[in-house]
Amino acid sequence: MKYGIGDVARTLGLTPAALHFFEREGVIGPKKGGAACRTYGAEDVIRLISYKKYRSMEMPLKEIAKQFSPQGETCQGIAKKLTCQREAALETALRYERLSQDILWFEQAIERAATQTGRIELATLPECFALQVGRDGFISRDRTEQEHVAAWLEHLPAVRISVFGQPGGAARFGYTVSVERARQLGLDKTPGVLHIEPCVALHTCLLLPYAYYEQPAMAFEPLWARLEERGCRQAGMGIGINLCVECHGEQRDTLCEVWLPIE
């Protein structure tokens with residue numbers, strides 16, 4: 001049985017250009033008729049279906065073409081390639097599993113924070129690793145520090161945009177990541193990273209106006225005021241995590257979950 005190029009292309013979801021590529025690479029050998037027409041036999045079709053099988057395993061196009069070329073590939077060689085693809089698939093599955101967990105954290109944090117905005121209570125500051133660079137905490141003029149930040153930002157959303165409040169009223173931005181994810185990703189080894197241990201803290205969730213980005217101390221002002229009311233002292237660096245931006249017309253407010261350690 002012989003098949004025309006249009007029938008093969010439509011059935012297998014391949015473009016005529018792709019079929020011509022496989023012909024040039026020696027993967028298939030269609031019969032050429034008049035007016036540059038080509039017909040494909042059963043072996044050609046099976047090879048093309050096999051190509052789709054290997055592509056579904058995310059094997060590189062050039063590797064597949066080489067495998068079906070006249071030089072071919074031994075069964076042992078094919079098995080080795082499949083081992084590599086299987087290991088890569090497992091790594092991808094693990095990456096997506098962790099990504100799902102990171103997304104779930106934000107989903108639950110936003111849902112919880114949206115119902116607790118403005119409420120101040122006692123809670124445990126979550127253990128994490130923190131990174132701050134430069135004057136504002138986000139960006140540094142130092143190239144080494146730029147590389148460190150770039151490495152962290154490769155792991156968004158596990159890495160979270162954060163704000164840090166020091167005793168005395170100073171605040172600046174930076175980044176945090178949970179201890180578990182930091183160790184999985186090797187971010188805990190970053191030079192200058194801070195290990196923030198869990199402790200008792202005042203906790204609140206705030207909707208902060210646009211001015212917050214120029215005045216990061218706004219994230220801690222309600223908690224500092226509560227400390228002053230109670231005659232308590234801040235016991236360490238406060239942390240706020242930017243969860244999302246809520247829009248109401250032209251107004252944009254940042255939902256931030258904040259912890260302030262207390263003695």
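These numbers were taken from a predicted model, which means no experiment stands behind them.
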When you measure from the centre of the six-membered ring of Trp105, is the NZ or CZ of Arg181 closer than 6.0 Å and no more than 45° off the axis?
no
Atom pair NE2 (His20) and OG1 (Thr15), whose distance is rounded to the nearest 0.5 Å
8.5 Å
I want to check something: taking the side chain as every heavy atom from C-beta on, are Ser178 and Arg183 in contact at a cut-off of under 4.5 Å?
no
Would you say Thr190 and His148 make side-chain contact, with heavy atoms under 4.5 Å?
yes
Does atom CD (Glu263) have a neighbourhood of more than 12 heavy atoms from anything else shown, all under 6.0 Å?
yes
Find out if a path of hydrophobic residues (ILVMFWY) with successive side-chain heavy-atom gaps under 4.5 Å connects Leu255 to Val245.
no
Working note: Lys81 + Ile78, criterion side-chain contact (heavy atoms from CB on, under 4.5 Å); need CA distance, chi angles, decisive distance, verdict.
CA-CA 5 Å; Lys81 288 182 179 179; Ile78 293 170; 5.7 Å; no
Heavy atoms of other groups near Arg55 CZ, more than 12 under 6.0 Å
yes
Counting only heavy atoms not in Lys80, do more than 12 fall under 6.0 Å of its NZ?
no
dist Leu48:CG -> Tyr51:OH (nearest 0.5 Å) comes out at 9.0 Å
Ionic contact status for Glu43 with Arg47, cut-off 4.0 Å:
yes
So Gln146 and Val133, side-chain contact (heavy atoms from CB on, under 4.5 Å) or not? Walk me through it.
CA-CA 8 Å; Gln146 290 171 5; Val133 297; over 6 Å; no
Which value, rounded to the nearest 0.5 Å, describes the distance between Glu91 atom CD and Glu87 atom CD?
7.5 Å
Please name the pair of heavy atoms, one in Ala219 and one in Leu206, separated by the smallest distance, quoted to 0.1 Å.
O-CD1, 3.3 Å
Got a sec, which pairs hit ring pair (Phe, Tyr, Trp, His ring centres under 6.0 Å) with one end in residues 217-263, sequence neighbours left out?
His203-Trp259, Phe220-Trp224
Per-pair distances, 0.1 Å, donor-acceptor, side chain in residues 164-176, under 3.5 Å, sequence neighbours excluded:
residue	atom	partner	partner atom	Å
Arg172	NH1	Gly134	O	2.4
Tyr175	OH	Phe138	O	3.0
Thr176	OG1	Ser162	OG	2.7

Between Leu99 and Pro157, is there a side-chain heavy-atom distance shorter than 4.5 Å?
yes
Once you round to the nearest 0.5 Å, how far does CD of Glu63 lie from CD of Glu58?
14.5 Å
Membership question, hydrophobic clusters at under 4.5 Å side-chain separation (ILVMFWY): are Val200 and Leu223 in the same one?
yes
To the nearest 0.5 Å, tell me how far Cys37 SG sits from Ile5 CD1.
9.0 Å
From CD1 (Ile262) to CZ (Arg233), nearest 0.5 Å
12.5 Å
Between Tyr213 and Thr254, is any pair of side-chain heavy atoms under 4.5 Å apart?
yes
Check the pair Gln132, Met237 against side-chain contact (heavy atoms from CB on, under 4.5 Å), reporting the backbone distance first and the verdict last.
CA-CA 12 Å; Gln132 292 179 297; Met237 185 168 67; 4.2 Å; yes
